[in-house]
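I have placed the structure first, in the form of structure tokens, so that the comments after it can refer back to it.
When reading the values below, keep in mind they use all heavy atoms of this one structure, side chains included, and skip hydrogens, waters and symmetry mates.
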Amino acid sequence: MKETGGHESRRRSRWGGVLVCVLTAGRALAGPWTAPFLCDADLDLYLNDDRARVVCGGEPVTFYARGIRGVRVDGADASAVNAGAHLMQAQLPAGTHEVEIVRDPSARVLGSPGGPAVSGPARPARIAAPNEYETLEPQLQPGAEVVIRNGAYRDWQMTVKAGGLPGRPVVIRPQTPGGVLLMGRTSLRIKADHVVLRELRFCGSAERAVEINGSHNRITQCQFEQCGNVMSSFGHVVSIGWNSDSNRVDHCYFVNSRSMSLGQAAGGYPKPDSGRRVGVDNRFDHNIFRDIYRLWRNGQEAIQIGQGQAPRLQPRALIAYNVFDNASGDSEIISLKSSNNAVRHNLFVNCDGSMTLRNGNENLLAGNVLAGNINGFTVRGERHRIVNNLIVNMAGSGVRLSTGKTGDERLGAVKDCLIAHNTFVGCRVGIGTDAPSDREDAAYPENNLVLNNVLTGGKGTLLRIGAASHARVGPNLVWATGEAVAGYEGAELVLKDPLLTGEGTVIAPGPGSPAIDAAAPVAGVDADLWGTPRPQGQAADMGAVEAAPAARRGSVWLPDFPRPRNLAVTNWMHQPLVAYDSGTPLAAWTAGGDATGRDGVVRIGEGTLALRSPLPPDFVFEWEYRPETFDSRAEITFCAGVAGDGYRLAFGGSLQDKQEGKIPTGIIKLGKGPGLVLEAPHAVDYRMNYRHAWSGNTRKIPFDHPIPELWTTFRLLKLGRFIRMEMTNVSIMPDGQARGGTSTVKSAKQKFGITPVLIWEDTGEIDGPPRAGPFLKLEQSGTGYWRNLRLWRAEGAEDGG
């Protein structure tokens with residue numbers, strides 16, 4: 001991919017000794033990154049959801065974006081060739097152009113994204129619905145296009161066996177970009193070479209929405225919303241299998257994933273006669289991973305290369321130019337369990353985890369920007385190169401060199417690694433090792449070369465390598481302010497203010513910085529984070545960025561810096577409408593069937609509660625719930641008319657398992673009218689919480705009923721067309737206790753975290769227009785207990801992110 005310069009317009013500001021670049025979070029249902037636009041031309045780089053560099057051959061380009069009302073090309077308004085609902089076609093000259101989408105501010109409450117098809121130039125394409133593909137496939141030749149008729153499709157199982165040739169792939173696309181929505185048990189399997197899948201949207205699709213078993217295939221500009229297996233966090237939404245080489249997944253969008261978003265199989269070492277080998281040279285680039293919330297104790301990594309313990313496998317995967325924005329499903333944002341991979345020029349922002357070298361050797365981490373995460377890089381293995389990274393405001397370590405285990409190749413010492421030309425700002429630990437261990441088999445880091453880094457901050461220890469054996473420390477620029485200490489005290493350190501300037505992705509040595517021309521030579525580090533050649537002066541500069549005139553900036557572009565967003569439902573609890581009176585808990589409700597209120601608790605058997613007052617158009621409804629048995633099942637109908645045809649939330653109930661007896665289903669279902677919209681994991685009754693212990697050694701449930709002290713808190717937001725539900729997130733342990741975060745709890749008084757488990761915008765594509773009735777009803781099958789039922793009017797908030 002050819003990249004050009006253009007850094008002259010970056011904002012620059014003077015900082016003191018310590019930088020703080022994470023902005024204050026504000027109220028916003030959607031920040032500057034909501035959902036990126038799609039188009040039927042190739043993309044070079046998403047700058048944000050509404051700006052990108054687009055590559056075209058001079059033909060009209062069709063753009064899909066909610067509420068699109070204009071397109072600007074290289075700063076000038078483009079004339080519309082054609083337009084439809086959320087669609088616009090514009091004429092672009094041949095070449096690479098910076099395109100900006102202009103949206104109607106009220107887009108989130110207008111229209112449906114299907115709309116009339118926008119006509120384009122004639123193409124040798126075949127129009128088909130999903131159920132027609134199998135009949136059509138035998139006719140396909142290399143270079144053919146299969147155009148899927150616009151619409152919403154559920155449970156589409158398709159296997160693509162017709163491939164193309166180099167330069168003549170088989171292309172599968174919708175009539176218009178974004179015009180096909182795939183839901184439910186949809187799974188597309190590619191068992192061919194040279195196939196391109198583009199511009200499709202997946203909503204709530206099960207594990208392995210797309211599976212590639214072939215080579216030279218491409219998945220581009222596809223969007224995956226709330227996809228993954230709701231019963232397991234370990235599968236892949238998009239998966240590349242064995243024997244699959246040179247595939248590319250690019251410019252895709254993963255939001256609120258329930259399983260691992262993207263992965264490549266490389267589990268263990270294949271037997272010689274298995275016919276399996278690890279695929280090589282696969283590429284995962286320019287994707288966006290956003291708002292992925294942890295639902296269990298493990299799984300949900302954004303990217304995983306190597307499943308199992310396979311450090312000797314060498315996939316040579318490239319992970320580049322991706323944005324990880326609140327991708328917090330696991331402590332490992334990316335998990336590399338293999339060797340000889342490259343992670344370059346990615347943004348990791350506001351993530352509850354770290355980019356992790358789980359095991360493997362000779363991986364490259366270069367030119368990445370990390371800000372506001374728990375940790376930066378967690379390192380195991382040998383001969384890694386960690387260079388030219390900008391690491392800002394880590395709550396833990398910028399680079400953590402983990403203690404290994406003697407005799408275990410998966411957990412060996414961090415050895416012979418290069419950590420050079422990185423910039424650390426405001427991290428509690430800049431570069432650090434684990435605390436000394438009392439284990440006899442502990443394998444400490446050894447012979448790692450640490451030099452030419454810039455470390456500054458006002459708290460913690462900037463360079464903590466006391467447990468490292470034979471660490472080789474060269475010149476590093478270290479400036480501790482406030483409560484911070486330098487840590488390492490070798491004569492190699494330069495203890496001066498680096499005089500950094502800039503914010504976001506652009507932090508560099510300012511005029512007069514002691515980092516300029518002060519670096520020791522390092523073989524192979526011949527450019528900086530931005531691709532600027534080193535050196536620009538008499539010697540290279542310390543840190544990630546070479547101080548150079550704007551005209552000599554390098555070729556690397558990065559996306560805009562995502563701003564933090566505070567999306568909690570509590571932001572919209574503005575006007576209380578229905579309070580909860582523990583003395584008369586049924587005061588605001590009309591009871592039907594077996595429903596009684598006593599001692600602050602409503603007990604519902606086979607019965608109902610109906611809210612007496614009408615629902616406002618926008619509201620927050622909060623309640624606490626406890627089922628009496630695993631069979632207990634609850635349903636909430638809201639925004640319903642007199643016919644009861646609103647939205648439905650159902651949760652609870654059990655499954656029968658031959659080994660385990662009855663276990664909770666762990667599934668929440670969102671319905672609309674007669675149809676099913678989404679399935680979501682129940683954060684307390686998540687099936688894996690009951691199936692086995694964390695160690696996986698037992699499958700016997702030691703208790704046969706829910707924990708009586710554990711109440712689950714739910715918050716439901718309806719705002720315009722948006723529906724969002726949050727709930728208590730706590731894992732049930734095999735001993736019947738509940739674990740929230742790191743604390744084991746036995747009482748309902750313990751405060752648990754609240755996790756969004758369901759987020760959906762009703763665009764009208766599924767089962768007609770959004771529901772807007774005034775009724776809310778609770779219905780119970782079996783026995784359940786309810787309390788603290790409260791209602792607020794929800795008021796929209798401007799984007800303050």
Side chains of [X] and [Y], heavy atoms from C-beta outward: is any pair under 4.5 Å?
X	Y	answer
Ile507	Val392	yes
Asp352	Asn373	no
Trp479	Val494	no
Thr423	Val425	yes
Phe224	Ser261	no
Ile419	Asn453	yes
Leu477	Pro514	yes
Val237	Met260	no

Nearest heavy-atom neighbours spanning [X] and [Y]:
X	Y	result
Val387	Asn422	C-OD1, 3.4 Å
Asn361	Ser339	N-OG, 2.8 Å
Met355	Val343	SD-CG1, 4.3 Å

Test salt bridge (Lys or Arg N to Asp or Glu O under 4.0 Å) applied to Asp416 and Arg383, step by step | CA-CA 5 Å; Asp416 300 326; Arg383 301 181 300 283; 5.3 Å; no
For [X] and [Y], test the side chains for any donor-to-acceptor distance below 3.5 angstrom and give the result as yes or no.
X	Y	value
Ser244	Ser215	no
His236	Gln304	yes
Asn213	Glu211	yes

So Asp517 and Asp541, side-chain contact (heavy atoms from CB on, under 4.5 Å) or not? Walk me through it.
-> CA-CA 5 Å; Asp517 295 349; Asp541 299 344; 3.5 Å; yes
What class does the angle between the rings of Phe348 and Phe377 fall in, given that below 30° is parallel, 30 to 60° is tilted and above 60° is perpendicular?
->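 It falls in the perpendicular class, over 60°.
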May I have the step-by-step check of side-chain hydrogen bond (donor to acceptor under 3.5 Å, both in side chains) for Ser354 and Thr378, ending in yes or no?
-> CA-CA 6 Å; Ser354 66; Thr378 299; 2.9 Å; yes
Do His251 and Tyr46 have ring centres separated by under 6.0 Å?
->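 They qualify: ring centres under 6.0 Å apart.
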Would you give the length of the straight line joining atom SG of Cys417 to atom CG of Leu449, rounded to the nearest 0.5 angstrom?
->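 It is 10.5 Å, given to the nearest 0.5 Å.
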Leu558 side, atom CG; Leu45 side, atom CG - distance, nearest 0.5 Å |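 It is 8.0 Å, given to the nearest 0.5 Å.
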Going through the checks in order, is the salt bridge (Lys or Arg N to Asp or Glu O under 4.0 Å) test met by Asp285 and Arg344?
-> CA-CA 9 Å; Asp285 63 283; Arg344 298 199 309 243; over 6 Å; no
side-chain hydrogen bond (donor to acceptor under 3.5 Å, both in side chains) between Arg290 and Tyr253, intermediate numbers included = CA-CA 8 Å; Arg290 181 181 299 147; Tyr253 176 60; 3.1 Å; yes
Chi angles and distances behind the side-chain contact (heavy atoms from CB on, under 4.5 Å) call for Met394, Ile374 = CA-CA 5 Å; Met394 298 296 113; Ile374 297 299; over 6 Å; no
May I have the step-by-step check of side-chain hydrogen bond (donor to acceptor under 3.5 Å, both in side chains) for Asn256 and Asp291, ending in yes or no?
-> CA-CA 5 Å; Asn256 202 217; Asp291 294 342; over 6 Å; no
Start with the C-alpha distance between Val506 and Trp530, add both sets of side-chain angles, then the distance that settles side-chain contact (heavy atoms from CB on, under 4.5 Å), and finish with yes or no.
-> CA-CA 10 Å; Val506 189; Trp530 295 107; 4.2 Å; yes
Walk me through it: do Asn452 and His421 pass the test side-chain hydrogen bond (donor to acceptor under 3.5 Å, both in side chains)?
-> CA-CA 5 Å; Asn452 296 340; His421 284 291; 3.2 Å; yes
Picking from Leu364, Val450, Leu451, what satisfies side-chain contact (heavy atoms from CB on, under 4.5 Å) with Leu418?
->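 Result for side-chain contact (heavy atoms from CB on, under 4.5 Å) with Leu418: Leu451.
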Contacts of Arg218 that satisfy side-chain contact (heavy atoms from CB on, under 4.5 Å) - sequence neighbours left out |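 Counting only residues at least two positions away or on another chain, Arg218 forms a side-chain contact (heavy atoms from CB on, under 4.5 Å) with Asp42, Val196, Thr220, Arg248, Asp250.
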Taking Ser259 for the side chain and Ser232 for the main chain, is one N or O donor matched with an acceptor at less than 3.5 Å?
->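 Side chain of Ser259 to backbone of Ser232, a donor-acceptor pair under 3.5 Å: yes, one is there.
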Walk me through it: do Arg294 and Ser331 pass the test side-chain contact (heavy atoms from CB on, under 4.5 Å)?
-> CA-CA 9 Å; Arg294 184 174 299 195; Ser331 60; 3.7 Å; yes
Please assess Arg534 against Asp528 for the test salt bridge (Lys or Arg N to Asp or Glu O under 4.0 Å), listing each intermediate value before the final yes or no.
-> CA-CA 7 Å; Arg534 293 184 187 270; Asp528 74 350; 5.3 Å; no
